[in-house]
Number of protein chains: 2
Amino acid sequence: MQLMSEKGAAGGGLRERKKRATRAALSEAAVRLAAEHGAEKVTVEAISAAAGVSVRTFFNYFDSRDEAFVVIDADAGARMRHAVLEAPAHLSPLAALREAMAAELAEAEQQHELWRLHAEVLHASPHLLARGVGAHMAAEADLADAIALRLRGDGDTGGDGPGLYPRLLAAVAGAAVRTSMDHWSAHQEEAAFLDVFHEVFTLLAAGLPAPSA
Amino acid sequence: MQLMSEKGAAGGGLRERKKRATRAALSEAAVRLAAEHGAEKVTVEAISAAAGVSVRTFFNYFDSRDEAFVVIDADAGARMRHAVLEAPAHLSPLAALREAMAAELAEAEQQHELWRLHAEVLHASPHLLARGVGAHMAAEADLADAIALRLRGDGDTGGDGPGLYPRLLAAVAGAAVRTSMDHWSAHQEEAAFLDVFHEVFTLLAAGLPAPSA
DNA sequence: GACATAAGTTGCATGGTATGCAAAGATGCA
DNA sequence: TGCATCTTTGCATACCATGCAACTTATGTC
């Protein structure tokens, strides 16, 4: 191996790099085809062909067709979990979560065009935006777990999984991100995504007060 | 017609009553079968047979198999929208939403056994809890619209659909309800559902502060 | 009450989605 | 090189989902 790949979770042998490449190719093909033809008209066969693998292989990577439109980066959850656990102690749980998500989203914007297409595809078929919850639900459970750990300090979440508060926090933050994406997708010219994102978390931290206007 | 049915949206001719009955029979059959055998093992054919209709008819009522597990009451969205619009002016948007949802959930608990089974089914396959977002997304958009109307006072939402705040409010409230259901479903003996529900909205209104403990 | 109309149900045909299995191909390592 | 492991692939199978045409059932009117 001559060159480390750029990302955090990268590295490993040829096998793992190939797998990541295949997965990325499938995701990207799915998003581009959906942006062009509409998500409903894109078959698994078309996605697989565009990525140069068989249909059967597609289903080795994704549990369902929709998942390919939704989960752009499979490792994001693990990275966010790590970020929450490593966040400075003075941050509130909500702020720690906000920072973890902001970092992830900022990185996603590096592939600006794909990210924009992705937002448009989700906005065009709310069905998929919803499905995103499903795909991200595991990640949310992970985040809830991380928050619970952070609150307790030790390595024990209490046996019965994270409590009500961590789960609520993770679920609400997820909803906030999706709302931000959807809103930004409809107003791309008027505001930067990160501005929308921060406005949303400010509203959350303030307890969702009625706007003064 | 000799007797008015009990519910708000009830009434109408024989046709409408039959449709409601068929839909309810399909929903109930789906939930009961899922509670018994696990949602993944329940086919559309089994649900249809249990409800006494053909498979084709099932798909006249639901867009997908999962929808039958998720949407127990198709009119709930419209009722909540109405409740938000009619809520006392002194309530904050969040409180108005909370009251509308609480009323709906209290009514759902009248069919206690079915409601409990429903919560268990969703808890057992998070896949479906997620799908719930999809099914309820239209309702959430409606709620966002109602909140926007309420905030403006007149009959105009501003042309471009509800703004960021109403949408965020509806999405977060939806996430809160789902979290409540999931948590309560795992701790049914320890707390009443409405207690969990109110605790969640209290946390939201307080801006999700770190718990003192 | 009989009729025309609208609405709902059903079976059939069709195509896409998803999974298990076993054979073939690639990779990692000694 | 040769063996163990992982990945891809084709095939068979079952289920999901939709359009269409034929049939049955309410509704309103005369």
Side-chain angles (χ1 to χ4, degrees), chain A residues 1-3 5 10-27 29-30 33-34 37-71 74 125-128 130-131 134-135, chain B residues 1-3 5 10-27 29-30 33-34 37-71 74 125-128 130-131 134-135:
Chain A
M1 186 173 21
Q2 333 182 308
L3 207 68
S5 186
L14 174 57
R15 241 171 210 171
E16 283 193 34
R17 269 180 292 148
K18 265 195 167 180
K19 275 188 76 169
R20 257 198 292 279
T22 301
R23 190 182 181 97
L26 283 168
S27 274
L33 288 171
H37 304 109
E40 323 298 314
K41 315 280 281 184
V42 178
T43 67
V44 173
E45 192 174 350
I47 299 170
S48 307
V53 297
S54 73
V55 171
R56 191 63 185 77
T57 294
F58 174 95
F59 284 108
N60 286 337
Y61 282 89
F62 299 97
D63 282 343
S64 77
R65 165 179 161 280
D66 290 353
E67 215 178 304
F69 299 120
V70 158
V71 184
S125 26
H127 169 309
L128 289 180
R131 187 85 183 199
Chain B
M1 186 171 23
Q2 333 182 309
L3 208 68
S5 183
L14 173 57
R15 239 172 210 171
E16 284 192 34
R17 270 180 291 148
K18 266 195 168 179
K19 275 187 74 170
R20 257 198 292 280
T22 302
R23 192 184 179 96
L26 283 169
S27 274
L33 288 171
H37 304 110
E40 325 297 317
K41 315 281 280 185
V42 179
T43 67
V44 173
E45 192 174 349
I47 299 170
S48 309
V53 297
S54 73
V55 171
R56 190 64 186 79
T57 294
F58 175 95
F59 284 108
N60 286 338
Y61 282 89
F62 300 97
D63 283 342
S64 76
R65 164 178 160 279
D66 290 352
E67 215 179 304
F69 299 121
V70 158
V71 184
S125 28
H127 168 311
L128 289 180
R131 188 85 183 202

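Here is the naming used below: chain letters follow the sequence lines, and residue numbers restart at 1 for every chain.
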Inset, instruction - Kindly say whether B:Arg56 contributes a backbone atom to a donor-acceptor pair with the side chain of B:Ser48 at under 3.5 angstrom? - result: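 Checking the backbone N and O of B:Arg56 against the side chain of B:Ser48, no donor-acceptor pair under 3.5 Å is found.
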
Inset, instruction - Examine distances only and state if a side-chain atom of B:Ser125 and a backbone atom of B:Gly38 form a donor-acceptor pair shorter than 3.5 Å. - result: no

Inset, instruction - Name the residue closer to the 5' end of DNA chain D, choosing between B:Asp63 and A:Ser54 according to the nucleotide with the nearest heavy atom. - result: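 Going by which nucleotide is closer to the 5' end, it is A:Ser54.
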
Rounded interatomic separation in angstrom, taking [atom1] from [X] and [atom2] from [N]:
X       : N      : atom1 : atom2 : result
A:Arg23 : D:dC6  : CZ    : P     : 19 Å
A:Asp66 : D:dA17 : CG    : C1'   : 13 Å
A:Leu26 : D:dT8  : CG    : C1'   : 12 Å
A:Phe62 : D:dT7  : CZ    : P     : 15 Å
B:Ile47 : D:dC16 : CD1   : C1'   : 11 Å
A:Glu40 : D:dT18 : CD    : C1'   : 13 Å

Inset, instruction - For residues A:Val53 and A:Thr22, report the shortest heavy-atom separation together with the two atoms involved. - result: CG1-CG2, 4.0 Å

Inset, instruction - Please report the shortest heavy-atom distance between A:Arg65 and A:Val44, naming the atom on each side. - result: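 So the minimum-distance heavy-atom pair works out to CB-CG2, 3.8 Å.
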
Nearest 0.5 Å please: distance from the [atom1] atom of [X] over to the [atom2] atom of [Y].
X        : Y       : atom1 : atom2 : answer
B:His127 : B:Asp66 : NE2   : CG    : 4.5 Å
B:Phe69  : B:Leu33 : CZ    : CG    : 8.0 Å
B:Thr43  : B:His37 : OG1   : NE2   : 10.5 Å

Inset, instruction - Assign a letter to each nucleotide of nucleotides 24-30 of chain D from its 5' end: B, base within under 4.0 Å of a protein heavy atom; S, sugar-phosphate only; -, no contact. - result: -BBS---

What is the nucleic acid contact for [X], judged by heavy atoms within less than 4.0 Å: base, sugar-phosphate only, or nothing?
X       : result
B:Val55 : nothing
A:Tyr61 : sugar-phosphate
B:Phe58 : nothing
A:Asn60 : base
A:Arg65 : sugar-phosphate

Legend entry - Contact under 4.0 Å: A:Thr57 side-chain N or O vs D:dT9 OP1/OP2: yes

Inset, instruction - Among D:dT8, D:dT7, D:dT9, find the nucleotide with the atom closest to the side chain of A:Thr22. - result: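 Selected nucleotide (nearest to the side chain): D:dT8.
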
Legend entry - Leading and trailing nucleotides of DNA chain C with any atom under 4.0 Å from heavy atoms of chain A: C:dT17 to C:dG28

Inset, instruction - Compute both the distance and the angle, then confirm whether A:Arg23 meets the cation-pi test with A:Phe62: under 6.0 Å from the six-membered ring centre, within 45 degrees of the axis. - result: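 Yes, A:Arg23 lies over the aromatic ring of A:Phe62.
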
Inset, instruction - Report the C-alpha distance between B:Tyr61 and B:Lys19 in whole Å, list the side-chain angles of each, state the deciding distance to 0.1 Å, and finish with yes or no for side chain to side chain contact (heavy atoms under 4.5 Å, CB included). - result: CA-CA 9 Å; B:Tyr61 282 89; B:Lys19 275 187 74 170; 3.6 Å; yes

